[in-house]
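Here the structure is laid out as structure tokens; the discussion comes afterwards.
Counting convention: from 1, in listed order, for ligands and their atoms alike. Position 1 is the first residue of the sequence, and the numbers go up from there.
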Amino acid sequence: MKKHNFSAGPSILSQDVFSKSSKSVLELDNIGLSILEISHRSKEFVKIMEDARSLSLELLDLNNDEYTSLFLQGGASMQFLMIAYNFLDSNASYIDTGAWSTKAIKEAKFFGKVNEIASSKDQNYNYIPKEYNIPSESNYLHITTNNTIFGTQYAEIPDVKCPLFTDASSGIFSRKIDYSKFSLIYAGAQKNIGPAGATLVVIKKSLLNRICREVPSMLNYKIHSDKDSMFNTPPVFPVYACMLSMQWLKSIGGIKEIERRNRLKAKKIYDEIDRNEMFKGFAAVEDRSIMNVTFNLTDESKKTTFDEIVFKENISGINGHRSVGGYRASIYNALSLESVEILVDAMKKLEKNI
Ligand code: PMP
């Protein structure tokens, strides 16, 4: 029986993606070949890659003249070092909003000076810092738009003078954001884009002329862009599944419709957290994520009982990250409202002790 999957990633994808991608493993679009055996230079895959790249720009509401989209490998973690390798010349600024930002900072330090201009570490990252000054000579400012572990998100994207970069791994395609404020956006695919194995990088074309040092080919954005994201063999199957998942998103009404659904799902859980005395939310209310909902029990001794209820309800993947404890419900795009309602009912059952 299909579980209600609240995993933080890899995570649930739409049923449409599961059926179409599994069919393609046997045979892709009546071509007599499986998606797993076709050349990345075949006309079928070249089209899939082109579609995936253009759909990603379309969903972010960015235009093809100004931005290029790449599907790379190495996960968001590879981007931590790649952005600095290509663009950290004298110094760059970072806002530390949790474990993933901290890792991005650590990797950037291999390449130059990092100004950590703000951090919410003082409160175990339960909020987004709003006050900071960006040194005028910063090569870029790096933020993490949605913090998967702590369940916070930037409600507003800051207006800054230097190029703005973001790790959008867990928030991409979840709500309307003015992505034109960013010069570089990257995201591991395994939440709202598709399965693990591909990493989306969207980059302003003008930035490609500002690579600040000699960079080996595989880590050089310009080379990947010049080769239309096919410098070497791309992850053919993950890119195909990403393309299907973006097609699905477009078919249901795009970002506008998914944002409506996501806000409804998030409201259902946050309302219950705020109402039900058995639970308390972790993130500061104004910074609450609509993708990762973090909460704790008010009485830890109820843990076994709640875990049993959750198990019986066929709910999977809601254990919190070890640095926060408690629970985390990741309610990515493909998760249904019904699954959220089952979770809310489970929370009510704990309260009623049934
Ligand atoms: N950044 C964020 C915000 C994440 O949530 C994750 C993974 N959960 C990563 C980076 C790391 O991604 P990857 O495993 O693709 O390197």
Side-chain angles (χ1 to χ4, degrees), residues 5-13 56 60 70-85 94-108 110 119-121 124-129 141-155 157 164-175 177 179 182 184-202 218-219 234-235 237-239 241-242 245 262 282-283 287-294 317-324 327-335:
N5 184 6
F6 289 86
S7 162
S11 49
I12 185 168
L13 297 174
S56 62
L60 297 174
L70 308 169
F71 282 86
L72 305 181
Q73 297 184 68
S77 302
M78 182 69 95
Q79 294 307 306
F80 296 161
L81 73 98
M82 220 166 134
I83 53 177
Y85 207 160
Y94 280 70
I95 299 181
D96 179 23
T97 48
W100 297 112
S101 318
T102 311
K103 288 186 179 173
I105 291 169
K106 178 172 179 238
E107 299 305 302
F110 283 99
S119 170
S120 46
K121 194 174 180 183
N124 197 20
Y125 299 112
N126 74 351
Y127 70 102
I128 301 285
L141 169 66
H142 179 280
I143 65 170
T144 310
T145 26
N146 184 82
N147 296 281
T148 328
I149 295 176
F150 300 93
T152 60
Q153 72 178 20
Y154 280 78
I157 304 303
L164 183 59
F165 292 1
T166 188
D167 174 356
S169 296
S170 47
I172 196 158
F173 301 156
S174 66
R175 59 183 167 132
I177 281 183
Y179 279 101
F182 295 102
L184 191 150
I185 301 141
Y186 64 90
Q190 63 273 19
K191 299 152 201 305
N192 274 343
I193 309 175
T199 313
L200 174 65
V201 180
V202 171
M218 268 302 279
L219 299 177
F237 185 68
V239 171
C242 288
S245 165
N262 287 336
F282 175 78
D287 299 325
R288 281 174 166 177
S289 164
I290 61 163
M291 290 283 97
N292 310 99
V293 179
T294 44
I318 65 157
N319 278 339
H321 189 269
R322 61 191 175 281
S323 51
V324 181
Y327 298 93
R328 168 176 53 174
S330 296
I331 51 174
Y332 295 121
N333 286 354
L335 188 89

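Proximity of Phe80 to ligand 1, defined as any heavy-atom pair under 4.0 Å, is confined to the side chain (atoms from C-beta onward). Contact annotation for Ser169 and ligand 1: only side-chain heavy atoms (C-beta onward) come within less than 4.0 Å of the ligand. Contacts between Met78 and ligand 1 below 4.0 angstrom, taking non-hydrogen atoms only, are absent altogether.
Among all non-hydrogen protein atoms, the one lying nearest atom 6 (C) of ligand 1 is Trp100 CE2, 3.4 Å. In this structure, the protein non-hydrogen atom closest to atom 8 (N) of ligand 1 is Lys191 NZ, 2.9 Å. Residue, atom and distance of the protein heavy atom nearest to atom 16 (O) of ligand 1 are Ser77 OG, 2.5 Å. Among all non-hydrogen protein atoms, the one lying nearest atom 1 (N) of ligand 1 is Asp167 OD2, 2.6 Å.
Contacts of Pro195 classified as side-chain contact (heavy atoms from CB on, under 4.5 Å), with partners at least two apart in sequence or in another chain: Leu13, Pro238, Ala241, Cys242.
Nearest to atom 12 (O) of ligand 1 by heavy-atom distance, out of Ser101, Gly171, Ala76, Ala198, is Ala76. When the heavy atoms of Gln190, His321, Met291 are ranked by distance to atom 15 (O) of ligand 1, first place goes to Gln190.
Closest of all the heavy-atom pairs between Thr145 and Ile157 is CG2-CD1, 3.6 Å. Shown here for Ala329 and Ile318, the closest heavy-atom pair between the two residues is CA-CG2, 4.4 Å. Residues Ile12 and Ala334 come closest through the heavy atom pair O-CB, 3.7 Å. Closest heavy-atom contact between Leu335 and Ser330: CD2-O, 4.2 Å. Closest non-hydrogen pair, Tyr179 versus Ile172, comes out as OH-CA, 3.9 Å.
The distance from ligand 1 to the heavy atoms of Gly75 drops below 4.0 Å at these ligand atoms: 15 (O), 16 (O). Set against the non-hydrogen atoms of Thr148, the atoms of ligand 1 under 4.0 Å away are 2 (C), 3 (C), 4 (C), 5 (O).
In terms of modelled atom types and a separation under 3.5 Å, the side chain of Asn146 and the main chain of Gln153 share no donor-acceptor contact.
Close N/O approach between Asn146 and ligand 1 is not found [any backbone or side-chain N/O within under 3.5 Å].
In this structure, Lys103 has no heavy atom closer than 4.0 Å to ligand 1. Not a single heavy atom of Gln79 lies less than 4.0 angstrom from ligand 1.
Ring centroids of His142 and Phe165 are separated by 6.0 Å or more, keeping the two rings apart.
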Only distances under 3.5 Å count here; give the side-chain donor-acceptor pairs of residues 70-80 to other protein atoms, sequence neighbours excluded, each with its distance to 0.1 Å.
from  : atom 1 : to     : atom 2 : distance (Å)
Gln73 : NE2    : Thr233 : O      : 3.2
Gln79 : OE1    : Tyr221 : OH     : 2.5

